[in-house]
Amino acid sequence: MSACVPARADSARTKHVHPPHSPPPGGSRRFRVAGADVSAAVAVFLIALPLSLGIALATGAPLQAGLVAAAVGGIVAGRIGGCPLQVSGPAAGLTVVTADLIQRYGWRTTCAITVLAGLAQLGLGCLRVARSALAVSPAIVHGMLAGIGVTIAVAQLHIVLGGTPQSSVPDNLVALPAQLANLHPADLAVSVLTLTLLLLWPRIPGRAGQVLGRLPAALIAVAGATAVAALTGLILPKVDLPSWSSHALAALPDGPVLGLVAAVLTTTLVCSVQSLLGAVAVDKLVAARPAQAGHVKRSDLDRELLGQGAANIVSGSLGGLPVAGVAVRSSANVAAGAVSRNSTMLHGVLVVIATLLLVPALELIPLASLAALVMAVGLKMVSLNHIRTVTRHREVLVYAVTTGGVVFLGVLEGVALGIAVAVGVALHRLTRTRITHHEAEGVHHVHVRGQLTFLAVPRLSRLLHQVPQGADAVVELDGSFMDHAAYETLQDWQKTHTAQGGSVDISGRRPGTRISEPAETEGCRCRPWTPWRNHQCDRPPAAPPPGTDRQATTGGPRGRSRSGPVGKGPGTASGTAAAETAVHKTTGGTTAPATGPSTPGAPGAPGTPGTPDGPAGSARPAGGELARGISAFHRNTAPLMRRELARLAREGQQPSQLFLTCADSRVVTSMITSSGPGDLFVVRNVGNFVPLPGQESGDDSVAAAIEYAVDVLKVRSLTVCGHSGCGAMQALLGAGHAGPGDRGTPLQRWLRHGLPSLDRVHADADAGSDAADHTGSRPHPRPRPRPRLAGRGIADAAEQLCLANVVQQLEHLRAHASVARALRSGDLELHGMYFDVGEAQSYLLAQDAEGGVFELVPEIDLTA
């Protein structure tokens, strides 16, 4: 964390002064709970109650321990934790660890281990190392959870069949055939009914399904099985809640020191990692909710670790199970619309009330029903989506080893094995470097795939020295890392090769991997369409003959950019002249003959190096930069996009938005909207104009695109996007459009479509001045406020016109028949957008703001 932390607005040093005409703030504020928090708390409580009993049953702990952990997790972790909407309690991910501890050390020592694990979490939270836990590979975390899920499912299967589980997965698998031969029909029937209700309840169709689906499936499954068992008089084991007076509390730990230390570390690791990953997942769920759901602060992971530690200390002291963040309850809390930590705390209070008042009802629940519920939770922990993800990232070996280690050895051993394999895979990828060399059309290509470290230097040096002296060479670096040894090897060879008359072009997928040439052989090393930099350096001309003024011959210092001096743009005379000179003299990186007689030694003179008549390879043909860019796409991007583009080719385009913006080259629609192929149907023209129907002046292209997008492609959104520094707006302000009856140039005729926007700005200004001069002697229409930006003022008249133009073009869109029909049916939304090029920030037009207010789009964390 940076040492320079900006002052918070809610800092204790900030003085809040109430307005002079308002009453002073009251003394004490009443505690209020939002209605959304109440409904969310009830929903989470109904899920937590059966799950807490089921997890306690699966661990072999007293059933009250699950209720204690649920209540403490809701109240203590909910109040202190750093993730307001995460619900904590007994988690399925801790079932295997807790069951093993109970079998080894007994229940009271397990409670003491839980307390010690909570103290360890408090220490880690004070050291602010919560972010470090997220450095664990997701493949290890998913593998750990999958292994725990398999262990839970195999153990609970014995209870489902009416038997008793063994201590380990191998023992359970060995005993399974005998258990299948000795089935208990009553337990099996109740378990099958529970699983059936759990599976079918969320899938009830129609309006009834929408109403009934609000009740959690876990509660319905357990309640339904309990009701059937009670009505049919089935005789089978049921929940037995002993008196709270005989509830066992924590005692001093008893056992070998090393074993206890390992137990504390295991419990701390599993509780912390699961809670921190759960907090990150909750942030993603909250960010995906509509803005109307209310603003919830992002998680403070260090504070969340402190909250989990405090909850484990209290839960262990009161004889409860270990506590961690629970994904099922947290997602239900977010989906139910919770807006603060009050929902989590209220759910804990409801658990306390239930444990005191609902004991007779809880003792009617069959153990087989709870076992079936927990078995289903364990099977869900083996996620096919996670398996596909780790396979796509080539980490399936780490996932498989971790899962197998947890199943057959234990959680701590499995995680350790997973970490070892992950480190090995990372080292293998770091040292695995493929270097190839081939010749094509007289150019030698050396392609490096992977990371360039000192281990790859011998192979790199051997292949580089296979390039003949004086030959043209291209070195392609397809990696993100190069250590000092590889850098020096490549640079030394480059200097030697160019000194012997050869040429070297070193390119990489990232600008940072490029090696600079020596100053004496400096040339163009800009890659085609280099990301974020659109300049293309001119190649240096040949040395002028003796006695010739170099400045006069080259027209300026060597290496000057084609765009002319800084600050000279097309809007000025000198900038225009420079641009015209650059356009006439340079095309695609090739020096063309200048107008007028050729001067020996000057660019463009016959026989001069750097011209088409010079030596072969000294100049690129027309369109060379375009060809190089296409070649780079084929080499780097096409392999990554080919599958997606093939799908789009098969299915056709199905864009969700029509995006109408300016033809300005600085507005890259896919970049500013984070979209890809098939997402946007883009229409671009000078000034992002939407001509009114019947006034297209013979150009129906915009209207045709609108009709095709709305009626054929069925887009759901239509956006008009303006931008800062728009040349069309500047031309309108400078009367660059054609007047009435004046044909003018095509550009001048097109700019006439922006006159309504210009009139809108002038009308607003006139209305504002008339309102200011009004004395009250006659009624005056209320002035219409100008469009504005929220958070800052308007920079200049061009920006004001640009905002007004967006609002005006949205009005023009509503005049088109296809758009009007879609708006009436509710199938289409209109959006206005303004992109500030210099700030790289986008503003969206608020729908309900008077006069048009463009609000800055907030940053949302999408880590995914």
Side-chain angles (χ1 to χ4, degrees), residues 655-663 669 680-723 726 728-729 731-732 737-741 746-767 781-787 800-834 843-854:
S656 59
Q657 298 185 55
L658 168 60
F659 201 85
L660 198 151
T661 188
C662 185
T669 56
L680 301 181
F681 187 75
V682 182
V683 177
R684 306 186 71 142
N685 61 53
V686 175
N688 47 275
F689 294 143
V690 181
L692 286 169
Q695 298 184 10
E696 289 85 353
S697 302
D699 182 5
D700 291 333
S701 61
V702 177
I706 294 172
E707 180 181 350
Y708 182 75
V710 175
D711 292 342
V712 179
L713 299 179
K714 304 296 183 182
V715 297
R716 300 185 298 273
S717 172
L718 202 160
T719 302
V720 177
C721 176
H723 68 94
C726 182
M729 301 300 105
L732 283 173
H737 55 84
L747 177 59
Q748 291 172 338
R749 293 196 300 273
W750 173 257
L751 289 177
R752 283 190 295 200
H753 295 301
L755 292 178
S757 303
L758 192 61
D759 294 340
R760 184 187 192 94
V761 173
H762 292 163
D764 293 345
D766 294 341
R782 185 170 177 262
R784 180 176 55 183
R786 290 181 172 183
Q800 181 68 73
L801 178 57
C802 184
L803 299 179
N805 182 59
V806 172
V807 177
Q808 185 68 34
Q809 302 313 314
L810 289 174
E811 293 185 5
H812 289 184
L813 278 171
R814 295 184 180 92
H816 287 260
S818 56
V819 175
R821 286 194 303 269
L823 289 175
R824 285 195 300 270
S825 61
D827 297 331
L828 183 67
E829 295 180 351
L830 296 185
H831 300 286
M833 176 177 168
Y834 175 75
Y843 298 78
L844 285 179
L845 178 63
Q847 301 293 336
D848 55 351
E850 184 181 7
V853 179
F854 290 78

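Along the sequence shown, the residues carry numbers beginning at 1. Being a predicted model, the structure only gives us computed values, none of them experimental.
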Checklist entry - How long is the span from the OG1 atom in T719 to the CG atom in L844, to the nearest 0.5 Å? => result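 The distance works out to 7.5 Å.
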Checklist entry - Could you give the distance from CG (D759) to CG (L755), rounded to the nearest 0.5 Å? => result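 D759 atom CG to L755 atom CG measures 6.5 Å (nearest 0.5 Å).
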Would a 4.5 Å heavy-atom cut-off, applied to side chains only, mark [X] and [Y] as touching?
X    : Y    : result
V702 : L660 : yes
Q657 : E829 : no
F659 : C721 : yes
F854 : V807 : yes
N805 : F689 : yes
L803 : Y843 : no

Checklist entry - What's the verdict on side chain to side chain contact (heavy atoms under 4.5 Å, CB included) for L823 and R814, showing C-alpha distance, side-chain angles and the deciding distance? => result CA-CA 8 Å; L823 289 175; R814 295 184 180 92; 4.0 Å; yes
Item to check | Test log, rule side chain to side chain contact (heavy atoms under 4.5 Å, CB included), inputs L758 and H762 | outcome: CA-CA 6 Å; L758 192 61; H762 292 163; 3.7 Å; yes
Under the 3.5 angstrom rule, does the side chain of [X] hit a backbone N or O of [Y] as a donor-acceptor pair?
X    : Y    : answer
H812 : P691 : no
R684 : T661 : no
Q809 : G722 : no

Indicate every side-chain donor-acceptor pair of residues 703-715 with a distance under 3.5 Å to a residue at least two apart or in another chain.
unit_1 : atom_1 : unit_2 : atom_2 : d
D711   : OD2    : R821   : NH2    : 3.3
K714   : NZ     : D711   : O      : 3.2

Checklist entry - What do the steps show when you test L732 against S757 for side chain to side chain contact (heavy atoms under 4.5 Å, CB included), and what is the final call? => result CA-CA 9 Å; L732 283 173; S757 303; 5.5 Å; no
Checklist entry - Should D827 and R716 be marked as a side chain to side chain contact (heavy atoms under 4.5 Å, CB included) after you check the CA-CA gap, both sets of side-chain angles, and the distance that decides it? => result CA-CA 6 Å; D827 297 331; R716 300 185 298 273; over 6 Å; no
Checklist entry - If every non-hydrogen atom of V686 is compared with every non-hydrogen atom of A728, which pair is closest and at what distance? => result CG1-CB, 3.9 Å
